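This report concerns only the one structure given below.
Being a predicted model, the structure only gives us computed values, none of them experimental.
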Amino acid sequence: MIVTDQTNIKANTIKVYDRQAQAWDVGRDSKLRERPWFDTLLKGLIAPLDMLGLGCGTGRPIASYLLGQGHRVTGIDASAEMIALAQKYHPAQDHPNARWLCKDMRALGLDKRFDIVLSWDGFFHLSPAEQRDVLPKLCQLLRPAGRLMLTIGHEAGEAIGQVYGDQVYHGSLSHPEYLEILTAADMHNLSITSAPQNGLDRVVVYATKQTTQKEG
């Protein structure tokens, strides 16, 4: 029987990723078709950068690529099974610049600041109300001139997707509202791009932290 209640589906989304971690890992496209977006994000920056990946999954292939570029990556996922796989594939002795934490992005409790905050296909599992609360906090985790990149929905609303037959929740604000929140959080160089690349259809938000905070 297919469940259609969004509240229950959202409450169980993390459990879905725990249950489907192995299947997700095996089925994940390893070709890094997302690379053009990451190259844009990192353009002009010199390694090593401190990078925070939210909804990092197993760390493959995205975090693996960033570690290979010489960056320091803190990967966070609410799925304990995903984090266990990330630790398995990136053991500390081979990847001293990697740190994997099982945390919910709604309650990170981090006291460190980062050069990059990235959430590829993770942030959009939060509800619109949660995104309004969390997004300014993610901006606060950036150092001056730090960069943010998120994937978001094509339009405001809620939707149900699937991970290997299990239903998962997706939410999005309107694109103008994302820009309003980011501007209020001292972010500039804002852009939202929806042009598909390498066969992937994503809406991607870029923003840069102001080097000095606004007065008042």
**Prompt:** If you measure from the Lys or Arg side-chain nitrogens to the Asp or Glu carboxylate oxygens, is any gap between K31 and D29 under 4.0 Å?
**Reply:** no
Per-pair distances, 0.1 Å, donor-acceptor, side chain in residues 136-145, under 3.5 Å, sequence neighbours excluded:
residue: K137; atom: NZ; partner: D133; partner atom: OD1; Å: 3.4
residue: K137; atom: NZ; partner: D133; partner atom: OD2; Å: 3.1
residue: R143; atom: NE; partner: R113; partner atom: O; Å: 3.4
residue: R143; atom: NH1; partner: D50; partner atom: OD2; Å: 2.9
residue: R143; atom: NH1; partner: D115; partner atom: OD1; Å: 3.3
residue: R143; atom: NH1; partner: D115; partner atom: OD2; Å: 3.0
residue: R143; atom: NH2; partner: D50; partner atom: OD2; Å: 3.0
residue: R143; atom: NH2; partner: R113; partner atom: O; Å: 3.2

**Message:** List the residues meeting ring-ring contact (aromatic ring centres under 6.0 Å, His included) with Y89, not counting sequence neighbours, and say none if there are none.
**Reply:** none
**Asked** Can you check whether V134 reaches F123 side chain to side chain, under 4.5 Å on heavy atoms?
**Response** yes
**Request:** Using a strict cut-off of less than 4.0 Å between a Lys/Arg side-chain nitrogen and an Asp/Glu carboxylate oxygen, indicate whether D121 and R202 qualify as a salt bridge.
**Result:** yes
**Pairs touching residues 51-87 that satisfy ring-ring contact (aromatic ring centres under 6.0 Å, His included), sequence neighbours left out** = none
**Message:** Is it the case that the side chain of N198 and the backbone of L200 share a donor-acceptor pair, with hydrogens and angles ignored and the cut-off at 3.5 Å?
**Reply:** no
**Complete:** dist E81:CD -> C102:SG (nearest 0.5 Å) comes out at 9.5 Å
**Prompt:** Is any side-chain heavy atom of E158 closer than 4.5 Å to a side-chain heavy atom of P128?
**Reply:** yes
**Prompt:** Should T193 and W37 count as side-chain neighbours, where that means a heavy-atom distance under 4.5 Å?
**Reply:** yes
**Prompt:** Is it true that E177 and R132 have a side-chain N and a carboxylate O under 4.0 angstrom from each other?
**Reply:** yes
**K10/E130 salt bridge by N-O under 4.0 Å criterion** = yes
**Request:** To the nearest 0.5 Å, tell me how far L126 CG sits from T13 OG1.
**Result:** 10.0 Å
